[in-house]
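See structure below.
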Amino acid sequence: MARFKRILLKLSGESLMGKQGYGIDPERLGAYARQIKEIHQMGVQIGIVIGGGNIFRGLSGATKGFDRVKGDQMGMCATVINSLALSSALGAEGVKNKVLTAIRMEPIGEFFSKWKAIEAMEAGYVCIFSAGTGSPYFTTDTGSSLRGIEIEADVMLKGTRVDGIYTADPEKDPTATKFDDITYNEILTRGLKVMDLTAVTMCNENNLPIYVFNMDVEGNLKRVIEGENIGTYVHS
Ligand code: UDP
């Protein structure tokens, strides 16, 4: 039995690089598509936001002399590239899906609207929401919270390469301990760098719970949907 009826899954662009230093690792992409297929077969309605950090980030572009707004627009285009790659991989697995874009760019994808998205998900399509919020100075974490709230998802599942939220970065601090659950406010007061603060605040204000888990282990997405406690639950 699925614990959630409709989810917003956030995947980081950086994870998509897999073992490579840049771009898209076809193995990782295929593994993501297989995991998504597994929960699609359970009848879960799925919206996905994928980042672009494996290709371009506006903020790091700005430090190299790019105009920030143009850099962010490049970053948003990077999310579209990743979304098309995921769409293609899902198609290869036989999963019906649609790419919707936050910026008009037909025929690459249809322009996003809440109702279009819900109608497609109810008809069994996985919807991939690309180009973030469509505006510079935001991240795809905020794009995910926005789309998650708009599509009335039961939860935002944040798939990362770490198995939850820790008191400190577990890749740097071996004494860091993991939270099974945590409140939005505690994330803010402890200054934990799980997601950007705009995204956490939006989820808090609109009661969208977040579940952080390790998506790089195959089968984990299904485990979360089945209610196994393998990550960290964020709530009010
Ligand atoms: N971006 C943006 N507005 C948005 C979402 C993303 O300008 O609403 C740009 C921003 O430059 C960001 C880049 O797209 O750095 C890639 O997104 P993100 O860094 O969130 O990707 P991730 O870290 O998840 O791979």
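Side chains are part of it too, since the values below use all heavy atoms of this structure and drop only hydrogens, waters and symmetry mates. For the single chain, residues carry numbers from 1 onward in sequence order. In listed order, ligands and their atoms are each counted from 1.
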Out of all atoms in ligand 1, which are within 4.0 Å of some heavy atom of Phe56? Include the element for each. 13 (C), 16 (C)
Decide yes or no for Ile7 and Tyr211: does some side-chain heavy atom of the first lie under 4.5 Å from some side-chain heavy atom of the second? no
Please determine if Arg57 and Glu14 form a salt bridge, counting it only when a charged side-chain N lies under 4.0 Å from a carboxylate O. yes
Can you label the angle between the Phe66 ring and the Phe56 ring as parallel, tilted or perpendicular, going by 30° and 60°? perpendicular
At what distance is the nearest protein heavy atom to atom 10 (C) of ligand 1, and which residue and atom is it? Asp72 OD1, 3.3 Å
On the six-membered ring of Phe179, is Arg190 placed so that its NZ or CZ lies under 6.0 angstrom from the centre and within 45° of the ring axis? no
For ligand 1, find out whether one of its N or O atoms is nearer than 3.5 Å to an N or O atom of Gly52. yes
Protein residue, atom and distance nearest to atom 18 (P) of ligand 1, heavy-atom basis: Thr140 OG1, 3.4 Å
Nearest-contact summary for atom 2 (C) of ligand 1 - protein heavy atom, Å: Phe138 O, 3.1 Å
Indicate yes or no: does Lys222 engage Glu228 in a salt bridge with an N to O separation below 4.0 Å. no
Distance under 4.0 Å to a non-hydrogen atom of Pro136: what atoms of ligand 1 satisfy this? 7 (O)
Measure Ala78 to ligand 1 on non-hydrogen atoms and call it side chain, backbone, both or neither using the 4.0 Å cut-off. neither
Which bit of Gln73 is near ligand 1, meaning a heavy atom under 4.0 Å away: side chain, backbone, both or neither? neither
Could you list which atoms of ligand 1 come closer than 4.0 Å to a heavy atom of Gly51? 21 (O), 22 (P), 24 (O), 25 (O)
Is any side-chain heavy atom of Val234 closer than 4.5 Å to a side-chain heavy atom of Val194? no
Of the listed options Ser135, Gly132, Gly53, closest to atom 3 (N) of ligand 1 (non-hydrogen atoms): Ser135
Asp141 N/O to ligand 1 N/O under 3.5 Å: no
Ligand 1 N/O within reach of Thr133 N/O, cut-off under 3.5 Å: yes
List in chain and number order the residues that pass side chain to side chain donor-acceptor pair (under 3.5 Å) with Gln45, two or more places apart in sequence or in another chain; answer none if no residue qualifies. Arg6
Report the nearest protein non-hydrogen atom to atom 14 (O) of ligand 1: residue, atom name, distance rounded to 0.1 Å. Gly75 C, 3.1 Å
In this structure, atom 12 (C) of ligand 1 is nearest to the protein heavy atom Gly58 N, 4.2 Å
Within less than 4.0 angstrom of ligand 1, does Met74 place any heavy atom? no
Identify, with sequence neighbours excluded, every residue that meets salt bridge (charged side-chain N to carboxylate O under 4.0 Å, His left out) alongside Asp72. Arg68
Quick one: does Tyr137's side chain get under 4.5 Å of Val69's, heavy atoms only? yes
State the atoms of ligand 1, each with its element, that fall below the 4.0 Å cut-off from a heavy-atom position in Lys10. 24 (O)
Would you mind listing which atoms of ligand 1 come within a distance below 4.0 Å of any non-hydrogen atom of Arg57? 11 (O), 15 (O), 19 (O), 22 (P), 23 (O), 25 (O)
Should the pair Arg28-Asp25 be classified as a salt bridge under the 4.0 Å nitrogen-to-oxygen rule? no
Under 4.0 Å, heavy atoms only, figure out whether ligand 1 is touched by the backbone of Glu14, its side chain, both or neither. backbone
4.5 Å side-chain heavy-atom contact, Leu16 and Leu11: no
Between Asp154 and Arg3, does at least one N-O distance fall below 4.0 Å, as a salt bridge requires? no
Protein residue, atom and distance nearest to atom 5 (C) of ligand 1, heavy-atom basis: Thr139 C, 3.4 Å
Using distance alone, determine whether Gly13 and ligand 1 share an N or O pair under 3.5 Å. yes
